[in-house]
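Worksheet: one structure, shown below.
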Amino acid sequence: MNIMTIEEKMRLVLRLAEEGMKQGELPVAAIIFHGDNIISKAFTTEKKERRYLVHAELQAMMEMDKQKYPIKTRKEMQLFTNLEPCMMCFGTAIHSFVGEIYYSLESPTDGGAVWTEKTWNNHHTASVFKLPKVYSGILEEESKELFKRFLESHPQGGISDWVKTLI
């Protein structure tokens with residue numbers, strides 16, 4: 001039985017993000033694992049779909065949700081993404097009962113993990129929803145390099161200004 005390491009799982013995410021970037025998208029991807037099994041995966045498709053609520057994490061969790069796993073199984077799942085989930089995606093992870101979140105790079109302007117960790121326990125002591133365990137900094141430099149390469153082909157504009165806050 002092969003057991004994938006955290007770094008091996010994140011490398012799969014980075015390859016998927018690279019695939020998205022080759023298609024002109026922002027290089028953000030997400031994979032949901034149950035053990036070593038891939039439950040769902042996606043990369044951000046804002047450019048292709050000309051929509052804004054198609055974040056990689058959200059799409060991966062929507063696909064996982066369609067598979068109708070019980071809460072007990074969901075709590076064993078891990079969401080891997082190369083960028084700290086935004087508030088929308090982090091909230092979706094909470095409400096989807098995802099057990100753990102692993103990400104590469106903090107998103108200082110809109111990341112939801114750091115903010116939620118600071119405020120959650122003071123207000124949700126009796127909630128059925130629990131914070132996932134969060135692990136950050138996994139292959140952080142590799143993710144930064146991916147965003148730097150994105151900037152080479154997208155040197156100006158609002159999205160580029162935002163990407164610069166990441167690296």
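All values derive from a computational prediction rather than experimental measurement. Both backbone and side-chain heavy atoms feed into the values below; hydrogens, waters and symmetry mates do not.
Across every non-hydrogen atom of Gln59 and Val54, the tightest pair is NE2-O, 2.6 Å. Taking every heavy atom of both residues into account, Ala29 and Ala17 meet most closely at CB-N, 3.4 Å. The shortest non-hydrogen separation linking Tyr103 to Pro85 is CD2-CD, 4.0 Å. When all heavy atoms of Ala56 and Thr44 are compared, the pair lying nearest together is N-OG1, 3.2 Å.
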When you look at Val98 and Met64, which way does the side chain to side chain contact (heavy atoms under 4.5 Å, CB included) test go after all the steps? CA-CA 10 Å; Val98 170; Met64 178 268 292; 4.0 Å; yes
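Asp36 places a side-chain N or O within donor-acceptor distance of the main-chain N or O of Met4, the cut-off being under 3.5 Å. Looking only at distances, no side-chain donor or acceptor of Thr81 sits under 3.5 Å from a matching main-chain atom of Ala30. A donor-acceptor pair under 3.5 Å is formed between the side chain of Gln67 and the backbone N or O of Ile39. Thr165 places a side-chain N or O within 3.5 Å of a backbone atom of Trp162 that can act as its donor or acceptor partner. Not a single donor-acceptor pair under 3.5 Å links the side chain of Asn82 to the backbone N or O of Ser104.
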Side chains of residues 6-13: which donor-acceptor partners sit under 3.5 Å, not counting sequence neighbours?
from	atom 1	to	atom 2	distance (Å)
Glu8	OE1	Thr5	N	2.7
Glu8	OE1	Thr5	OG1	3.4
Lys9	NZ	Gly35	O	2.8
Lys9	NZ	Gln78	OE1	2.6

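A salt bridge (charged side-chain N to carboxylate O under 4.0 Å, His left out) check over residues 73-100, counting only residues at least two apart or in different chains, returns the pairs Asp65-Arg74, Lys72-Glu76. Applying the ring-ring contact (aromatic ring centres under 6.0 Å, His included) definition to pairs two or more places apart or across chains, those involving residues 48-90 are Phe33-Phe80, Phe80-Tyr102. Sorted by first and then second residue, the pairs that involve residues 14-30 and meet salt bridge (charged side-chain N to carboxylate O under 4.0 Å, His left out), not counting sequence neighbours, are Glu18-Arg149.
Take His154 and apply the ring pair (Phe, Tyr, Trp, His ring centres under 6.0 Å) test, not counting sequence neighbours, and it matches Phe150.
A distance of 5.5 Å separates CZ of Phe147 from CG of Leu166, quoted to the nearest 0.5 Å. Atom NE2 in His95 sits 11.0 Å away from atom CE in Met61 (nearest 0.5 Å). Taken to the nearest 0.5 Å, the CD atom of Glu141 stands 8.5 Å off from the CG atom of Leu105. To the nearest 0.5 Å, atom CD of residue Glu142 and atom CG of residue Leu14 are 7.0 Å apart.
The side-chain heavy atoms of Leu151 and Lys164, taken from C-beta on, include a pair separated by under 4.5 Å. With contacts defined as side-chain heavy-atom distances shorter than 4.5 Å, the pair Leu83/Leu26 does not qualify.
Taking a 4.5 Å side-chain heavy-atom cut-off between Ile, Leu, Val, Met, Phe, Trp and Tyr, the cluster of Leu58 extends to Leu53, Met62, Met88.
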